[in-house]
There are 2 protein chains.
Amino acid sequence: MSTPNVSGAASPPTGATAASRVFDALKQDLIRGRFAAGEKLAIGSLKTRYQVGLSPLREALNRLAAYGLLEQVNQRGFRVPPLRLDELDDIADLRSQLECMALTQAFQNGDAEWESLLLAAHHRLRRADERPQEVEEWEQAHLRFHRTLLAPCGSPWLLRFIEQLHDQFDRYRRLAPPNPEVREVLDRQHGELVQLAMERRIEQARALLDEHIGLSHGVARGACSAS
Amino acid sequence: MSTPNVSGAASPPTGATAASRVFDALKQDLIRGRFAAGEKLAIGSLKTRYQVGLSPLREALNRLAAYGLLEQVNQRGFRVPPLRLDELDDIADLRSQLECMALTQAFQNGDAEWESLLLAAHHRLRRADERPQEVEEWEQAHLRFHRTLLAPCGSPWLLRFIEQLHDQFDRYRRLAPPNPEVREVLDRQHGELVQLAMERRIEQARALLDEHIGLSHGVARGACSAS
DNA sequence: GATTTCCGAAAAATCGATTTTTTAAAAAAC
DNA sequence: GTTTTTTAAAAAATCGATTTTTCGGAAATC
């Protein structure tokens with residue numbers, strides 16, 4: 001295992017270029033809803049905001065557009081995708097399907113090492129649950145928990161798509177008004193998922209994961225005004 | 001419906017920028033295997049090859065890396081991904097799964113308009129079958145047939161991922177030695193898929209599509225030396 | 001009064017040059 | 001003889017300036 005990465009998201013441990021740093025920062029800001037949905041991005045002000053020149057900034061914007069976190073129109077720059085209810089439904093439904101696929105494979109491939117990593121990830125998530133003021137801590141622990149759950153599925157492309165959908169989904173979820181009651185249920189489900197994983201009860205786990213995403217989907221829908 | 005697009009791949013009808021033109025050209029060249037697998041791309045020679053400056057070229061390379069047709073390492077540029085048997089297997093298996101999902105939805109949503117578009121796409125594909133020397137014509141008709149088949153599935157994100165996997169898959173398939181016997185079977189299966197689509201025989205269609213991709217997968221494996 | 005045409009400002013895209021980093025070979029040290 | 005250090009060339013990344021295109025309002029036309 002290489003140098004563990006303490007920082008936030010997916011990470012460039014060595015030789016971060018300006019372009020990759022802006023990419024990471026901008027990606028986080030987009031997912032965290034720091035820009036208004038549908039907003040046109042003024043490249044000039046982004047230059048100031050992220051303290052970089054045009055070239056690395058434009059490279060980052062191009063990557064994000066290819067990834068689906070920005071919309072690019074040929075001679076008129078970049079804009080933040082609008083929040084659309086039908087798109088959220090698409091994202092959530094597909095996420096359920098793909099994550100259930102991955103979960104099945106993960107249950108087959110996961111070994112004792114995986115079980116202990118999952119327990120550890122769950123523990124950190126519970127710790128983060130206790131400090132509701134540290135939102136980003138919780139977000140990171142939550143993301144890692146779900147990653148760990150599916151990690152041994154054996155399909156890099158499936159994991160890639162799931163990650164992409166998760167990023168899309170989170171943009172909606174983080175913009176939606178919080179719902180403490182649902183949140184409590186969601187938190188409990190994480191523990192139940194761990195339990196089912198240990199016992200490899202795939203059918204129940206699939207049903208629970210589907211319900212988990214469905215509940216979160218319901219909350220995330222609050223981010224949309226009209227469809 | 002806007003202006004139909006006669007040209008090759010996915011298309012920028014209005015105001016093509018240098019960056020988007022290089023992106024399209026480079027993407028095709030990568031899928032067509034015009035670069036050696038694993039090859040390091042020399043940006044200087046790409047500038048000459050595509051007749052553009054650094055900025056639009058680098059923007060195109062960044063998009064392609066985000067899309068998965070190039071590998072990017074931070075201070076050492078871009079390289080063509082190597083051909084790996086295990087990755088091809090991953091791509092093909094996931095493609096089968098996702099396309100079968102989409103097919104089911106397409107059968108439910110597809111209307112008479114879809115049926116006629118599918119018949120038309122199949123007709124063009126058969127015409128292209130007759131002229132084996134016009135490879136690119138056939139490739140285009142083939143891509144469009146499969147797109148048309150799944151188009152009404154109703155999930156933009158699912159279609160997006162399928163398209164992406166299809167591009168990945170084709171890079172292997174087009175590099176593999178052709179197999180006329182299998183090719184004949186594959187051609188026949190296109191007609192059978194149309195027939196099953198008309199009659200909405202979903203289970204048989206899913207089995208056939210799965211077999212179709214599986215057969216093509218077998219051929220594509222010929223592109224890999226070792227795993 | 002409504003539509004079209006024509007500017008000028010603003011923004012996007014591109015270019016050419018500069019800076020930074022890597023690479024590989026030669027020299028030095030062990 | 002091997003390893004380390006140095007250094008020059010090559011490549012990647014970035015910057016600043018220029019060119020091209022879009023956008024919005026004023027003037028002209030219908």
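We name chains A, B, ... by the order of the sequence lines, and we start the count at 1 in each one.
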* To do: Identify whether any heavy atom of B:A19 sits under 4.0 Å from a base atom; if not, whether one sits that close to sugar-phosphate; answer base, sugar-phosphate or nothing.
  => sugar-phosphate

* **Length of the line joining A:L54:CG and D:dA13:P, which is rounded to integer Å** => 17 Å

* Structure fact -> B:N62 atom CG is separated from D:dT14 atom C1', nearest whole Å, by 13 Å

* Asked: Can you tell me how far P of C:dT21 sits from CD of B:Q75, to the nearest Å?
  -> 7 Å

* Structure fact -> note: B:K47, atom NZ; D:dA13, atom C1'; distance rounded to Å ~ 14 Å

* For the rings on A:H212 and A:H146, is their centre-to-centre separation under 6.0 Å? -> yes

* Asked: Under a 4.5 Å cut-off applied to non-hydrogen side-chain atoms, are A:R183 and A:D129 in contact?
  -> yes

* To do: Assess A:K27 against A:Y67: is NZ or CZ under 6.0 Å from the centre of the six-membered ring, and within 45 degrees of the ring's axis?
  => yes

* Roughly how many Å is it from CG in A:L41 to C1' in C:dA12, rounded to a whole number? -> 13 Å

* To do: With DNA chain C as reference, determine whether A:G77 or A:S55 sits nearer its 5' end, using the nearest nucleotide of each.
  => A:G77

* Contact class for A:L61 (heavy atom, under 4.0 Å): base, sugar-phosphate, or nothing? -> nothing

* Starting at the 5' end of DNA chain D, which residue's closest nucleotide do you reach first, A:P56 or B:G44? -> B:G44

* Does the side chain of A:K40 get closer than 4.0 angstrom to OP1 or OP2 of C:dA12 through an N or O atom? -> yes

* When all nucleic acid strands are considered with a 4.0 Å heavy-atom cut-off, which category describes B:I43: base, sugar-phosphate, or nothing? -> sugar-phosphate

* Separation of D:dT20 C1' from B:R21 CZ (nearest whole Å) -> 13 Å

* Asked: Does A:R76 put a side-chain nitrogen or oxygen below 4.0 Å from OP1 or OP2 of D:dT21?
  -> no

* Asked: Taking the side chain from A:N109 and the backbone from A:P152, do they hold a donor-acceptor pair closer than 3.5 Å?
  -> yes

* **Integer-rounded Å distance: D:dT22 P and A:F78 CZ** => 15 Å

* Geometric cation-pi criterion A:R144 and A:W138, 6.0 Å radius, 45° cone -> no

* Structure fact -> Here the distance between atom P of C:dG16 and atom CZ of B:R58, to the nearest Å, is 17 Å

